[in-house]
Peer 1: 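To start, I am sharing the structure in question, which I have written as structure tokens.
Side-chain atoms are counted along with the backbone in the values below, which use heavy atoms only and exclude waters and symmetry mates.
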Amino acid sequence: MNTPFSPSPPPEAPKRTLFARLRGSFLTGLVVIAPVGLTIWLIWTVIGWIDGIVLPMVPLAYHPDRLIQTYFGLDPSAQINVRGIGVIIFLLFTIIVGWLAKGIIGRSFIRFAEGLVQRTPVVRTIYSGIKQISETIFAQSERSFETACMVEYPRKGAWALGFISISAKGEVARHVGVDKELVGVFIPTTPNPTSGFLLFFPRNDIIELDMSVEDAAKLVISAGLVYPPEHPLPVDGQTGRPPPIEPS
């Protein structure tokens, strides 16, 4: 018997219909299939694009479909689509060019060709821009970002995610003062992390993060929706809780 003061029973959760369950399963499967399918489609498209550029430069008798037809005695009218041969040829050609460019003859030829390009008004502008972008993306040197960080920008209390580049040197450090160690920080924009701002902060105003540069870039590109997995904190054996953070 229920009295006026008796607690009311909790309402029963509404049962999901068959259509709702099917819709939930479809969305879950879509989340699983979409990244895999788009990745395979993108790789397949890029391979076909490279093949379409490289294979026309190869004699027709040495095309992979012709070689397969000749070796197995197939009908020449049969269409055989073999992808990836152009990519292999492109990789081998690039390796050979890079190996030759490291030698004395290769370096001399490159300097001579760049001298001709620099004397051409329109071509030198396009070539210089593409060369700077290529060196920034593909060059393996100490100038690459190695640490993600947090800085207060554009005002106090507002924090921005950035990448530490290099300590300030030369005229930049001299004009600011020798008593302050300035560090260059690249602040990327969302969702395009290749554009942003180069700012110089005192070393003490920068908070370095444990996450990798790749995880920080994913966080910027996704506008904060994709967070990297956080490393678990050490747990005290007696209390079973993480140790308190001591103020610096």
Peer 1: For the hydrophobic clusters of this structure (ILVMFWY residues joined by side-chain heavy atoms under 4.5 Å, transitively), does one cluster hold both I89 and L91?
Peer 2: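 Result: yes, single cluster for both.
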
Peer 1: Look up atom OH in Y153 and atom CZ in F197, then write down how far apart they are to the nearest 0.5 Å.
Peer 2: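 Between atom OH of Y153 and atom CZ of F197 there are 4.5 Å.
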
Peer 1: Tell me, which pairs form a salt bridge (charged side-chain N to carboxylate O under 4.0 Å, His left out) where one or both residues lie in residues 182-205, sequence neighbours left out?
Peer 2: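 Of all non-adjacent pairs touching residues 182-205, those that pass salt bridge (charged side-chain N to carboxylate O under 4.0 Å, His left out) are E181-R203, R203-E208.
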
Peer 1: Take a 6.0 Å sphere around CH2 of W159 and say whether it holds more than 12 heavy atoms from other residues, nucleotides or ligands.
Peer 2: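 Atom CH2 in W159 is packed in, count exceeds 12.
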
Peer 1: Grab the two heavy atoms, one from L209 and one from T147, that are nearest each other, plus how far apart they are.
Peer 2: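 Closest pair (atom of L209, atom of T147, distance): O-CG2, 4.5 Å.
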
Peer 1: Is it true that I221 and M211 fall in one hydrophobic cluster, defined by side-chain heavy atoms closer than 4.5 Å?
Peer 2: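 Different clusters: I221 never reaches M211 through Ile, Leu, Val, Met, Phe, Trp or Tyr contacts under 4.5 Å.
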
Peer 1: Check salt bridge (Lys or Arg N to Asp or Glu O under 4.0 Å) between K156 and all other residues, then give those that pass, not counting sequence neighbours.
Peer 2: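 K156 satisfies salt bridge (Lys or Arg N to Asp or Glu O under 4.0 Å) with E152 once adjacent residues are dropped.
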
Peer 1: What pairs with D215 under side chain to side chain donor-acceptor pair (under 3.5 Å), at least two apart in sequence or on another chain?
Peer 2: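 Checked D215 against side chain to side chain donor-acceptor pair (under 3.5 Å); matches are S212.
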
Peer 1: For S195, enumerate each residue passing the side chain to side chain donor-acceptor pair (under 3.5 Å) test, keeping only those at least two apart in sequence or located in another chain.
Peer 2: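 Testing S195 for side chain to side chain donor-acceptor pair (under 3.5 Å), a comparison that skips the adjacent residues, returns T189.
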
Peer 1: Same hydrophobic cluster for V58 and V87, using side-chain heavy-atom links shorter than 4.5 Å among ILVMFWY?
Peer 2: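 They do share one cluster, since a chain of ILVMFWY contacts under 4.5 Å joins V58 to V87.
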
Peer 1: For a 4.5 angstrom cut-off between non-hydrogen side-chain atoms, does V151 reach L199?
Peer 2: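 No; the side chains remain at least 4.5 Å from each other.
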
Peer 1: Which atoms form the tightest heavy-atom contact between I206 and C149, and what is the distance?
Peer 2: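 Result for this residue pair: CG2-CB, 3.6 Å.
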
Peer 1: Check for a donor-acceptor pair, side chain of T190 on one end and backbone N or O of A223 on the other, with a separation under 3.5 Å.
Peer 2: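 No; zero donor-acceptor contacts below 3.5 Å.
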
Peer 1: Answer whether the closest heavy-atom distance between the side chains of L42 and L38 falls below 4.5 Å.
Peer 2: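 A side-chain contact is absent here, since even the closest heavy-atom pair is not under 4.5 Å.
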
Peer 1: If you look at every heavy atom in F163 and P188, which pair is closest and at what distance?
Peer 2: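 That closest heavy-atom pairing would be CE1-CG, 3.5 Å.
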
Peer 1: Testing the basics here: between P121 and R124, what is the closest heavy-atom pair and its distance to 0.1 Å?
Peer 2: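 Where P121 meets R124 most closely, the heavy atoms are O-CG, 3.2 Å.
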
Peer 1: Does N204 have any side chain to side chain donor-acceptor pair (under 3.5 Å) partners at least two apart in sequence or in another chain, and if so, which?
Peer 2: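 Testing N204 for side chain to side chain donor-acceptor pair (under 3.5 Å), a comparison that skips the adjacent residues, returns none.
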
Peer 1: When hydrophobic residues are tied together by side-chain contacts of less than 4.5 Å, even through go-betweens, does V46 share a cluster with V36?
Peer 2: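 Different clusters.
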
Peer 1: Does atom CG (L198) have a neighbourhood of more than 12 heavy atoms from anything else shown, all under 6.0 Å?
Peer 2: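 Atom CG in L198 is crowded, with more than 12 foreign heavy atoms closer than 6.0 Å.
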
Peer 1: Rounded to the nearest 0.5 Å, what separation is found between the CD1 atom of I53 and the CZ atom of F90?
Peer 2: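 I53 atom CD1 to F90 atom CZ measures 8.5 Å (nearest 0.5 Å).
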
Peer 1: Please examine the side chains of L182 and S167, heavy atoms only from C-beta on, and report whether any two atoms are closer than 4.5 Å.
Peer 2: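 A side-chain contact is absent here, since even the closest heavy-atom pair is not under 4.5 Å.
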
Peer 1: Please find the pair of heavy atoms, one from I187 and one from A160, that lie closest to each other, and give the distance.
Peer 2: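 It is CG2-CB, 4.2 Å.
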
Peer 1: List in chain and number order the residues that pass salt bridge (Lys or Arg N to Asp or Glu O under 4.0 Å) with R107, two or more places apart in sequence or in another chain; answer none if no residue qualifies.
Peer 2: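 Here no residue qualifies.
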
Peer 1: Kindly compute the distance separating CD1 (I166) from CZ (F200), expressed to the nearest 0.5 Å.
Peer 2: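 CZ of F200 is found 9.5 Å from CD1 of I166.
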
Peer 1: What are the two closest non-hydrogen atoms of P35 and L30, and how far apart are they?
Peer 2: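 Residues P35 and L30, closest heavy atoms: CD-O, 4.3 Å.
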
Peer 1: Please test V123 against L116 for side chain to side chain contact (heavy atoms under 4.5 Å, CB included), starting from the C-alpha separation and ending with a verdict.
Peer 2: CA-CA 10 Å; V123 178; L116 295 178; over 6 Å; no

Peer 1: Can you hop from I96 to I88 via hydrophobic side chains spaced under 4.5 Å?
Peer 2: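 Hydrophobic grouping puts I96 apart from I88.
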
Peer 1: In Å, rounded to the nearest 0.5 Å, how long is the span from OG1 of T28 to CZ of R23?
Peer 2: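 So the OG1 of T28 and the CZ of R23 are separated by 11.0 Å.
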
Peer 1: Could you check if a side-chain atom of L22 sits within less than 4.5 angstrom of a side-chain atom of F26, using non-hydrogen atoms only?
Peer 2: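 Counting from C-beta outward, L22 and F26 never come under 4.5 Å.
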
